[in-house]
Amino acid sequence: TLKGIDNFIKGMTDTKYWLACDKDKPFAFLVTSLVKKPEDELSKWCVAEGTTITLDMLIGEEEYLGKKLSDSIIKEFLSSQFS
């Protein structure tokens with residue numbers, strides 16, 4: 001992960017790192033990357049046309065766990081960043 005973040009800072013990767021915040025308090029961490037078709041191993045699960053991304057998310061603040069926030073965070077994130 002640290003090497004990936006270093007490559008992101010240097011502009012050497014398609015991976016992007018995001019923070020979800022509640023007002024000014026970060027509580028979740030998201031990671032996206034482009035699936036490079038057809039050479040990427042993940043391509044076998046993708047439709048042939050269009051752009052495909054990966055999305056990983058974790059909620060890092062204990063007080064936000066168990067609140068059923070994942071669905072709404074993912075929907076809001078995708079609509080705001082990948083409409």
Side-chain angles (χ1 to χ4, degrees):
T1 298
L2 293 177
K3 183 177 180 179
I5 292 172
D6 189 47
N7 286 340
F8 170 71
I9 292 169
K10 293 175 182 175
M12 298 170 44
T13 182
D14 289 328
T15 302
K16 293 185 180 180
Y17 300 86
W18 314 78
L19 290 175
C21 297
D22 181 12
K23 297 184 178 80
D24 291 332
K25 182 177 183 174
F27 69 93
F29 179 65
L30 298 96
V31 181
T32 60
S33 62
L34 291 174
V35 176
K36 294 178 176 78
K37 300 174 197 176
E39 61 272 9
D40 194 306
E41 181 181 328
L42 297 174
S43 294
K44 61 185 169 187
W45 290 291
C46 302
V47 295
E49 299 299 319
T51 302
T52 303
I53 64 164
T54 66
L55 171 61
D56 293 299
M57 183 188 82
L58 66 88
I59 295 177
E61 286 292 328
E62 193 170 345
E63 66 192 78
Y64 291 87
L65 295 175
K67 307 261 189 225
K68 300 182 180 182
L69 296 172
S70 297
D71 184 58
S72 59
I73 292 169
I74 291 169
K75 284 179 182 175
E76 184 173 333
F77 173 73
L78 290 175
S79 67
S80 69
Q81 301 301 318
F82 297 95
S83 60

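Sequential numbering from 1 along the given sequence is applied to the chain's residues.
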Completion exercise
When rounded to the nearest 0.5 Å, the distance separating CG of L58 from OG of S70 is 10.0 Å

Problem - Separation between CG of L19 and CZ of F29, rounded to the nearest 0.5 Å - result: 7.0 Å

Please confirm whether the backbone N or O of [Y] pairs with a side-chain atom of [X], one donor and one acceptor, at under 3.5 Å?
| X | Y | answer |
| --- | --- | --- |
| S83 | S80 | no |
| K37 | G50 | yes |
| T54 | S33 | yes |

Is there a side-chain contact between [X] and [Y] in this structure, where contact means two heavy atoms from C-beta onward sitting under 4.5 Å apart?
| X | Y | result |
| --- | --- | --- |
| D56 | T32 | no |
| K16 | L30 | no |
| F27 | I73 | yes |

Exercise for the section: Only counting residues at least two apart or in another chain, list the ones meeting salt bridge (charged side-chain N to carboxylate O under 4.0 Å, His left out) with K68. Expected result: none

Handout entry: For K67, all residues meeting side chain to side chain donor-acceptor pair (under 3.5 Å), sequence neighbours excluded
Key = none

Practice task
State which residues pass side chain to side chain donor-acceptor pair (under 3.5 Å) with T15; sequence neighbours excluded, sorted by chain then number.
Solution key: T13

Problem - Neighbour count >12 (heavy atoms, 6.0 Å) for atom CD, E62 - result: no

Problem - CD/E76: more than 12 non-hydrogen atoms of other groups inside 6.0 Å - result: no

Hydrophobic clustering (ILVMFWY, side-chain heavy atoms < 4.5 Å, transitive) - are [Y] and [X] grouped together?
| X | Y | result |
| --- | --- | --- |
| V31 | I53 | no |
| L42 | M57 | no |
| L55 | L69 | yes |

Handout entry: Side-chain hydrophobic cluster, 4.5 Å single linkage: members besides V47
Key = none

Completion exercise
Joining Ile, Leu, Val, Met, Phe, Trp and Tyr whenever any side-chain heavy atoms lie under 4.5 Å apart, the cluster holding M12 also takes in none

Exercise for the section: Identify the two heavy atoms, one from P26 and one from C21, that lie closest to each other, and give their separation to 0.1 Å. Expected result: CA-SG, 3.8 Å

Exercise for the section: State, to 0.1 Å, how close L34 and D40 come at their nearest heavy-atom pair, and which atoms those are. Expected result: O-OD2, 4.3 Å

Practice task
Enumerate the residue pairs fulfilling salt bridge (Lys or Arg N to Asp or Glu O under 4.0 Å) with a member in residues 41-50, sequence neighbours excluded, ordered by first and then second residue.
Solution key: none

Practice task
Tell me, with the steps shown, if W18 and F77 meet ring-ring contact (aromatic ring centres under 6.0 Å, His included).
Solution key: CA-CA 10 Å; W18 314 78; F77 173 73; 5.0 Å; yes

